[in-house]
2 protein chains.
Amino acid sequence: MSKGQMSKGQPIRVLCVDDHAIVREGLMSIVALQPDMEIVGAAESGAEALKMFREFSPDVVLIDLRLRDTTGFELIRDILALSPSARTIVLTSFEGDVDIERALAAGAKGYVVKGMVREELLEAIRDVHAGKRHVPSAIAAKLVDHLASEKLTHRELDVLKEVSKGKRNKEIGAALSIAEDTVKMHVKSILMKLGVNDRTEAVTIALRRGIIHLQ
Amino acid sequence: MSKGQMSKGQPIRVLCVDDHAIVREGLMSIVALQPDMEIVGAAESGAEALKMFREFSPDVVLIDLRLRDTTGFELIRDILALSPSARTIVLTSFEGDVDIERALAAGAKGYVVKGMVREELLEAIRDVHAGKRHVPSAIAAKLVDHLASEKLTHRELDVLKEVSKGKRNKEIGAALSIAEDTVKMHVKSILMKLGVNDRTEAVTIALRRGIIHLQ
DNA sequence: GAAAAAATAACCCATTCGGGTGTATGGGCT
DNA sequence: AGCCCATACACCCGAATGGGTTATTTTTTC
């Protein structure tokens, strides 16, 4: 790892990971214009990203949360396993507080939403390269909004995913090999934790917050 | 309109409309590399797009469906109202059959999904500029899959949107100023047309197919 | 102007749902 | 050992839901 003694004159070496060619292209063209940065690679999958990370040891890695062969969360963990001092920034269109929380928990140093102004991204890259965290206040605010809200347990998540498929409690019980009454218990808990009236609103709120995703 | 006698030597003049700076940047950099194309403008809102369209009379307009101040559907209609021979291509991440159908119904000549390969987009631009339609078979297949499925009526859509908020039939009735029994009638019809078991699945299927969108 | 489609409303009825309360078991942390 | 928490199960009950049928009025379409 040749990051410790990086002098001010050397450009920030950036790797970007996104399965959309347009986004990779856009990132490259934005970053390439900065005199203090350079793109060392653009990967379209997690596997390719890891290969490029090993090969180029970039200073900063930009990562989308949705990838073809893995998730951004997993990729961040994989990269940190290779190099614990790696600096990663999530660049995604997901804005749910749970997505943000999971990304930061996985070890991301920054979280930037696609659709922000160009400067926000560049600032994030410079901050994170300098060892700082960079989470825009609008993003941080979403986390704060749900600080008090209880997290769903693993089992509740299982149930919620089945609920989103339109299954009845009885069917969910059969699918998860538990009693219908247990399912009802979980559903009640889910509704309470999410602060909603019924299972349908539970699903839409969960989608909005990034607790579950379609497909 | 100086499009009729466009000679082969002149580049295809492209306008792109997307509220994400990264995507605009990516499009510009992809198109700029093509010898037979040039970007004449990049708008980040519908209003700006119309202004640029009037100013530059581009040969082809690339349009995202989600814009800050309007929708892609509306923008396509607005552009066609200005210039009935305008050629527009939808470039979006929405893949629901209803999104596709609405876009083509609005007058789009092409429909390309973000995340396709670079060549797909370039081919679409050339095809559409040449007066052809360009809808990739994967996209067309989604339309075909739902050819038989009945469309929801306007009122059913109103009800479905309320359902997605977690409202009860009684509350929906109050919101729409109709009897609860009428709401139940609409809900029954919705479930039948979408081929689902309950209101929750109706919402997730509707989201997937682009019949409704969150927020 | 007639025919078709959509919107409205009212029944019935079995099932499901949401809310309340209580109990039990097995990890994990202190 | 004691405690918390997740998980699992049971029972009660009123309200909401989904399915079936019929009918009137309005709107759209041909």
Side-chain angles (χ1 to χ4, degrees), chain A residues 98 101-102 105 146-207 209 211-212, chain B residues 77 98 101-102 105-106 146-207 209 211-212:
Chain A
V98 175
E101 199 200 336
R102 287 182 67 192
H146 296 284
L147 264 188
S149 68
E150 285 182 274
K151 289 187 193 82
L152 299 189
T153 67
H154 181 58
R155 206 52 167 165
E156 285 162 358
L157 265 182
D158 290 342
V159 171
L160 183 55
K161 283 172 191 162
E162 298 297 322
V163 168
S164 77
K165 295 179 195 162
K167 286 191 183 168
R168 287 180 265 279
N169 290 338
K170 193 182 293 186
E171 296 173 316
I172 296 174
L176 301 181
S177 303
I178 54 180
E180 182 183 356
D181 274 324
T182 306
V183 175
K184 292 179 72 171
M185 199 73 244
H186 286 309
V187 171
K188 271 181 264 193
S189 178
I190 292 168
L191 300 187
M192 205 189 57
K193 287 183 179 178
L194 297 185
V196 297
N197 292 318
D198 69 13
R199 57 217 285 124
T200 303
E201 195 182 5
V203 169
T204 55
I205 292 292
L207 286 171
R209 294 189 47 193
I211 296 173
I212 59 173
Chain B
R77 276 187 279 265
V98 174
E101 199 201 335
R102 287 183 66 193
H146 297 283
L147 264 187
S149 68
E150 286 184 273
K151 290 188 194 81
L152 298 190
T153 66
H154 181 57
R155 206 53 166 164
E156 285 163 356
L157 264 182
D158 290 341
V159 171
L160 183 55
K161 282 173 192 163
E162 298 297 323
V163 167
S164 76
K165 294 179 195 162
K167 286 191 183 168
R168 287 180 263 279
N169 290 337
K170 194 182 293 184
E171 295 172 317
I172 297 173
L176 301 181
S177 303
I178 54 181
E180 182 184 356
D181 275 323
T182 306
V183 175
K184 291 179 72 171
M185 198 74 242
H186 287 309
V187 171
K188 272 180 266 194
S189 178
I190 292 169
L191 299 187
M192 203 189 58
K193 288 183 178 177
L194 297 185
V196 297
N197 291 317
D198 67 14
R199 56 216 286 123
T200 304
E201 195 182 5
V203 169
T204 56
I205 291 293
L207 287 171
R209 293 189 48 193
I211 297 173
I212 59 173

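In what follows, chains are A, B, ... by sequence order, proteins preceding strands, each numbered from 1.
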In whole angstrom, give the distance that lies between atom [atom1] of [X] and atom [atom2] of [N].
{"X": "E171(A)", "N": "dC17(C)", "atom1": "CD", "atom2": "C1'", "value": "14 Å"}
{"X": "E180(A)", "N": "dC12(D)", "atom1": "CD", "atom2": "C1'", "value": "14 Å"}
{"X": "K151(B)", "N": "dA6(C)", "atom1": "NZ", "atom2": "C1'", "value": "15 Å"}
{"X": "N169(A)", "N": "dG18(D)", "atom1": "CG", "atom2": "C1'", "value": "15 Å"}
{"X": "H154(A)", "N": "dA6(D)", "atom1": "NE2", "atom2": "P", "value": "13 Å"}
{"X": "E156(A)", "N": "dT7(D)", "atom1": "CD", "atom2": "P", "value": "7 Å"}
{"X": "D158(A)", "N": "dA8(D)", "atom1": "CG", "atom2": "C1'", "value": "14 Å"}
{"X": "D198(B)", "N": "dA16(D)", "atom1": "CG", "atom2": "C1'", "value": "13 Å"}

Among [options], the one nearest [X] by side-chain distance:
{"X": "M185(B)", "options": "dA6(D), dT16(C), dT8(C)", "result": "dT8(C)"}
{"X": "L191(B)", "options": "dA9(C), dA7(C), dG18(D)", "result": "dG18(D)"}
{"X": "R168(A)", "options": "dT16(C), dA7(C), dA8(D)", "result": "dT16(C)"}
{"X": "R199(A)", "options": "dA6(C), dC17(C), dT8(C)", "result": "dC17(C)"}

Legend entry - Nearest-nucleotide 5' precedence on DNA chain C, V187(A) against D181(B): D181(B)

Legend entry - Neighbour count above 12 (heavy atom, 6.0 Å) for R209(A) CZ: yes

Legend entry - Flag, side chain of E171(B) to backbone of K167(B), donor-acceptor distance under 3.5 Å: no

Legend entry - Main-chain N/O of S164(B) paired with T204(A) side-chain donor or acceptor, under 3.5 Å: yes

Inset, instruction - Measure the spacing between CG of L152(B) and CG of L160(B) and express it to the nearest 0.5 Å. - result: 6.5 Å

Legend entry - Any N/O donor-acceptor pair, K188(B) side-chain to dG18(D) base, under 3.5 Å: no

Legend entry - Of I178(A) and K193(A), the one whose closest DNA chain D nucleotide lies more 5': K193(A)

Inset, instruction - For K184(B), report the nucleic acid contact type (base, sugar-phosphate, nothing); a contact means any heavy atom under 4.0 Å. - result: base

Inset, instruction - Pick base, sugar-phosphate or nothing for T182(B), based on heavy-atom distances below 4.0 Å to the nucleic acid. - result: base

Legend entry - NZ/NE/NH1/NH2 to OD/OE distance under 4.0 Å, E101(A) and K151(A): yes

